[in-house]
Amino acid sequence: MSFSDLFKEFIPIRVDEDIYLRQHQPENDARPFWEIHNEESNFTYFGGYKKPCDWNEEREIRVQQSRIKGFKGKREYSWVVTYRGEVIGQIQLFNFFNHNTCAEVGYFIRKSFWNRGINTKVLKAVCRFGIETMGLERIEAYAHVDNIGSNRTLQKAGFAKEGTLRKRFDVNGELSDCNLYSFVRDDLKD
């Protein structure tokens, strides 16, 4: 299957009996994502984050529709993370480069679901999909140096820390350092 063929029909991922990754459903997902984005602790280390204003259904639906447009434009593969049917976050492969053999991964989940191993399982499943299904050779991830949880999650998911990028992200108007991690085909274990 060619890289372009992967974007003809969205492929959901069943991680385990509780965790399911599916495509965005703008009308259904607008409210849960707005609620997640309004919990500032979810995005303490997120570069360029701006807290949403008051609830505006039309605006939030457009935000969700942009994920589907990114998929149709072959720019991103974005999944909604659900736990027992509840929308709890998002994970996406994006910034495809090097003849579509490399990509970046980004993710977030609602704070009430932190420290349960969910992000680790989701990352492992998406890396397997990226390598086995999409033919990627390398997946990169960035984590703010002070974001202990995200750094630990990446390590538990099998990512290797390659170094620290100085003054890489603008977080709340301040340039901050971040760690660069990679997961390569050779890291995939059965």
Side-chain angles (χ1 to χ4, degrees), residues 1-96 100 103-136 139-142 149-150 153-154 157:
M1 183 180 299
S2 75
F3 185 80
S4 289
D5 289 341
L6 292 165
F7 292 88
K8 289 182 179 175
E9 186 174 331
F10 188 87
I11 302 170
I13 300 172
R14 168 66 64 191
V15 177
D16 64 20
E17 62 186 36
D18 294 322
I19 305 166
Y20 184 66
L21 311 180
R22 62 163 172 79
Q23 190 170 34
H24 289 261
Q25 300 168 353
E27 289 77 18
N28 296 330
D29 297 339
R31 174 67 78 167
F33 273 99
W34 178 81
E35 291 169 358
I36 292 168
H37 282 103
N38 267 302
E39 295 176 32
E40 286 186 46
S41 58
N42 290 329
F43 297 95
T44 303
Y45 302 107
F46 195 80
Y49 170 72
K50 288 186 175 64
K51 184 177 178 179
C53 312
D54 293 332
W55 169 251
N56 177 313
E57 185 174 22
E58 184 179 312
R59 179 189 64 228
E60 297 304 325
I61 288 173
R62 280 195 314 271
V63 169
Q64 294 301 304
Q65 288 170 336
S66 72
R67 297 292 168 233
I68 294 172
K69 287 178 186 173
F71 172 77
K72 289 179 179 177
K74 302 175 183 73
R75 294 182 309 276
E76 67 181 67
Y77 219 110
S78 182
W79 292 268
V80 172
V81 179
T82 65
Y83 183 83
R84 297 182 180 169
E86 180 182 349
V87 172
I88 65 165
Q90 174 181 293
I91 187 164
Q92 66 188 115
L93 290 170
F94 62 106
N95 285 346
F96 298 100
N100 298 323
E104 186 177 337
V105 66
Y107 54 89
F108 62 83
I109 63 170
R110 184 184 294 264
K111 185 176 183 175
S112 59
F113 288 88
W114 291 1
N115 300 313
R116 295 189 193 184
I118 294 171
N119 261 341
T120 301
K121 288 179 183 180
V122 168
L123 269 168
K124 286 179 179 181
V126 167
C127 286
R128 181 171 294 282
F129 175 87
I131 289 169
E132 291 181 348
T133 305
M134 298 186 85
L136 298 175
I139 300 170
E140 295 180 353
Y142 300 90
S150 193
T153 295
L154 289 163

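Sequential numbering from 1 along the given sequence is applied to the chain's residues. When reading the values below, keep in mind they use all heavy atoms of this one structure, side chains included, and skip hydrogens, waters and symmetry mates. Since we're looking at a predicted model, the values are computed, not measured.
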Do Gln23 and Gln25 have side-chain N/O donor and acceptor atoms under 3.5 Å apart? no
So, for Tyr77 and Ile11, which heavy atoms are closest and what is the spacing to 0.1 Å? OH-N, 2.9 Å
Mind listing the closest non-hydrogen atom pair of Arg110 and Pro32 along with its distance? NH2-O, 3.6 Å
Taking the six-membered ring for Trp, are Phe108 and His37 closer than 6.0 Å centroid to centroid? yes
Quick one, Leu21 and Val80 - any side-chain contact, counting heavy atoms below 4.5 Å? no
If you compare all heavy atoms of Ile109 against all heavy atoms of Trp114, which two are closest, and at what distance to 0.1 Å? O-NE1, 3.0 Å
Whether Arg31 side chain and Glu27 backbone form a donor-acceptor pair below 3.5 Å: no
Shortest non-hydrogen pair, Pro26 vs Gln64, comes out as CA-CB, 3.5 Å
Rounded to the nearest 0.5 Å, how far does OG of Ser112 lie from CD1 of Ile36? 8.5 Å
Trp34 side chain vs Glu60 backbone, donor-acceptor pair below 3.5 Å: no
Could you tell me whether Glu76 and Arg67 have a side-chain N and a carboxylate O separated by less than 4.0 Å? yes
Exactly one of Ile19, Val126, Asp18 clears side-chain contact (heavy atoms from CB on, under 4.5 Å) with Lys121, and that residue is Ile19
Just checking Phe3 against Phe96, ring centres under 6.0 Å apart? yes
The reported gap from OG1 in Thr133 to CD1 in Ile131 (rounded to nearest 0.5 angstrom) is 10.5 Å
When rounded to the nearest 0.5 angstrom, what distance separates CG in Asn100 from CG in Leu136? 8.0 Å
Do the ring centers of Trp79 and Phe129 come within less than 6.0 Å of each other? yes
Kindly indicate whether the side chain of Ile88, heavy atoms from C-beta on, has any atom under 4.5 Å from the side chain of Thr82. no
Calculate, to the nearest 0.5 Å, the distance between atoms CD1 and CE belonging to Ile139 and Met134 respectively. 9.0 Å
Of all heavy-atom pairs between Leu154 and Ala141, which one has the smallest distance, and what is that distance? CD2-CB, 3.6 Å
From CD (Glu17) to CZ (Arg84), nearest 0.5 Å: 7.5 Å
Kindly give the heavy-atom pair with the smallest separation between Pro12 and Tyr20, and that separation in Å. CB-OH, 3.2 Å
Whether the Tyr107 and Ser150 side chains hold a donor-acceptor pair (N or O, under 3.5 Å, no angle test) is what I'd like checked. yes
So that I know where these two stand, are Phe71 and Phe7 an aromatic pair - ring centroids less than 6.0 Å apart? yes
Within this structure, what is the CZ-CD1 distance for the pair Arg22 and Ile13, rounded to the nearest 0.5 Å? 13.5 Å
